[in-house]
Amino acid sequence: SFIYKTEPDYTKFYNTIIAISIVLLVATIVAVVYFRMSRNLRLQVAESISLRKQLKDHAAELKRSNDALQSFALIASHDLQEPLRKIIAFGDLIKKNVPMQNQEQQYMARMQSATVRMRNFIEDLLEFSKINAKSREFTSVNLNNIVSEVLSDLETQIEQAKGTVDVETLPTIQADRFQIRQLFLNLISNAIKFHEEGTPPQVKIKSQLTSNGLWKISFKDKGLGFDTKNAMEILKPFKRLHGIGKYAGSGMGLAICDKIVER
């Protein structure tokens with residue numbers, strides 16, 4: 001040992017350095033990942049707060065729109081219809097008390113017919129606007145009772161057309177009773193109204209429980225039918241596939257049905 005000294009053993013020192021380096025590397029990776037996750041979380045929170053504010057603003061705007069719509073409905077229900085009622089009433093008085101030639105009688109009849117159509121337009125438009133404006137709570141509705149009420153209302157119309165309405169046993173569903181009755185009334189009356197001349201209308205209503213637990217209510221009739229390219233067109237407000245003179249109505253019936261079903 002006087003001439004030669006052995007090399008010191010640094011193995012433990014190197015192992016310690018390697019272990020510390022690995023720990024520092026893992027800690028660095030964890031810190032970077034945590035920093036990125038934290039930054040993403042802060043961005044998501046900020047975005048969520050912004051979306052929540054936008055949603056709150058949209059809700060407030062929707063409420064203002066609904067309030068304006070209800071105000072319009074109140075105005076339209078009286079102020080817009082009152083002049084029309086006066087035109088019809090004074091027209092009846094003129095026809096009754098003022099002698100008129102054939103042409104003048106035709107003018108008066110066309111004027112009153114246009115006024116009645118305008119009144120019906122306003123009433124249907126109000127009904128369309130009220131579907132979502134004043135939504136009622138859903139309750140248990142027996143559709144068999146609904147159909148019985150509707151058929152009672154349409155009894156005269158069905159008899160005049162010599163039509164038949166066959167109804168299978170229908171379920172009880174959760175719905176707005178007033179709107180579901182309006183739905184059945186519009187669909188059945190449409191089926192009775194739009195039929196070939198000389199061919200009595202036939203309507204069949206049935207139900208089927210689907211695999212996802214929902215009820216499918218089907219209406220089938222032997223009516224005029226329509227081209228499939230017009231399938232979406234007929235659901236638009238005031239859209240008519242036939243002339244005003246041939247079939248009565250404002251063209252709002254199916255638009256109202258579509259909105260009720262969507263709700």
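As the structure is a prediction and not an experimental result, all values here were calculated from the model.
- By the salt bridge (charged side-chain N to carboxylate O under 4.0 Å, His left out) test, D92 is found to be paired with no residue, residues two or more places apart in sequence or in another chain being considered.
- Judged by distance alone, the side chain of D258 and the main-chain N or O of L254 form no donor-acceptor pair under 3.5 Å.
- Listed by chain and number, the residues in a ring pair (Phe, Tyr, Trp, His ring centres under 6.0 Å) with F219 are F184 (sequence neighbours excluded).
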Task: R177 vs E149, salt bridge (Lys or Arg N to Asp or Glu O under 4.0 Å): CA-CA, chis, key distance, verdict - done: CA-CA 12 Å; R177 192 182 193 283; E149 294 176 10; 2.5 Å; yes
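- Between the S189 side chain and the L185 main chain, a donor and an acceptor come within less than 3.5 Å of each other.
- Considering every non-hydrogen atom in both T210 and K216, the closest pair reads CG2-CB, 4.0 Å.
- Side-chain contact between Q103 and Y107: present, with at least one pair of heavy atoms (C-beta onward) separated by less than 4.5 Å.
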Task: Step-by-step side chain to side chain contact (heavy atoms under 4.5 Å, CB included) determination, L43 to E47 - done: CA-CA 6 Å; L43 291 175; E47 184 179 358; over 6 Å; no
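- Note: the hydrophobic cluster containing I94 also contains I87 (ILVMFWY, side chain heavy atoms under 4.5 Å, direct or indirect links).
- Using a 4.5 Å heavy-atom threshold, the side chains of V203 and T164 count as separate.
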TODO: Starting from the C-alpha separation in whole Å, work towards a yes-or-no answer on salt bridge (Lys or Arg N to Asp or Glu O under 4.0 Å) for R181 and D153.
DONE: CA-CA 11 Å; R181 188 182 187 281; D153 291 344; 2.2 Å; yes
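- Panel note: side chain S152, backbone S148; no donor-acceptor pair is recorded below 3.5 Å.
- In the hydrophobic cluster analysis, where Ile, Leu, Val, Met, Phe, Trp and Tyr join through side-chain heavy atoms closer than 4.5 angstrom, L143 is grouped apart from L214.
- Judged purely by distance below 3.5 Å, without hydrogens or angles, the side chains of N186 and Q182 pair a donor atom with an acceptor atom.
- The two residues W215 and I173 come nearest to each other via the heavy atoms CD1-CG2, 4.1 Å.
- Residues meeting the side chain to side chain donor-acceptor pair (under 3.5 Å) test with R39, sequence neighbours left out: none.
- Counting heavy atoms from C-beta outward, D221 and L187 have side chains that stay 4.5 Å or more apart.
- Interatomic distance, C257 SG to K259 NZ, rounded to the nearest 0.5 Å: 13.0 Å.
- Two residues are said to be in side-chain contact when any heavy atoms from C-beta on lie closer than 4.5 Å; E155 and E159 meet this criterion.
- When only modelled atom types and interatomic distance are considered, Q112 and K95 share a side-chain donor-acceptor pair under 3.5 Å.
- In this structure, CD in E61 is found 13.5 Å from CD in Q54, a value given to the nearest 0.5 Å.
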- [ ] Could you give me the CA-CA distance, side-chain angles and deciding distance for E168 and I205, then say whether side chain to side chain contact (heavy atoms under 4.5 Å, CB included) is met?
- [x] CA-CA 6 Å; E168 294 184 358; I205 306 174; over 6 Å; no
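- Taking NZ from K206 and NZ from K204, the interatomic distance works out to 8.5 Å, rounded to the nearest 0.5 Å.
- Of all heavy-atom pairs spanning F138 and Q174, the tightest one is CD2-O, 3.7 Å.
- Taking 4.5 Å as the limit, some side-chain heavy atom of L170 sits within range of a side-chain heavy atom of V147.
- Interatomic distance, CD1 of I18 versus CG of L25, reported as 13.0 Å (0.5 Å rounding).
- Looking at heavy atoms from C-beta onward, Q157 lies in side-chain contact with L154 at the 4.5 angstrom threshold.
- Looking only at side-chain heavy atoms (C-beta outward), I180 and L183 come within less than 4.5 Å of each other.
- Between the S21 side chain and the I17 main chain, a donor and an acceptor come within less than 3.5 Å of each other.
- Remark: N15 CG to I20 CD1 distance equals 11.0 Å, nearest 0.5 Å.
- Put simply, the side chain of I217 reaches to within 4.5 Å of the side chain of P171, judged on heavy atoms.
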TODO: Take V32 and F35 through the test side chain to side chain contact (heavy atoms under 4.5 Å, CB included) and record every step on the way to the result.
DONE: CA-CA 5 Å; V32 171; F35 173 76; 5.7 Å; no
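- The closest donor-acceptor contact from the side chain of N142 to the backbone of T172 lies at 3.5 Å or more, if one exists at all.
- The structure places CG of L51 at 8.5 Å from CG of L55, a figure rounded to the nearest 0.5 Å.
- Note on Y34 and I29: separate hydrophobic clusters, where clusters join Ile, Leu, Val, Met, Phe, Trp and Tyr whose side-chain heavy atoms are under 4.5 Å apart, directly or indirectly.
- Panel note: side chain S48, backbone Q44; no donor-acceptor pair is recorded below 3.5 Å.
- Under the 4.5 Å side-chain heavy-atom criterion for grouping Ile, Leu, Val, Met, Phe, Trp and Tyr, L209 is connected to V167 within one hydrophobic cluster.
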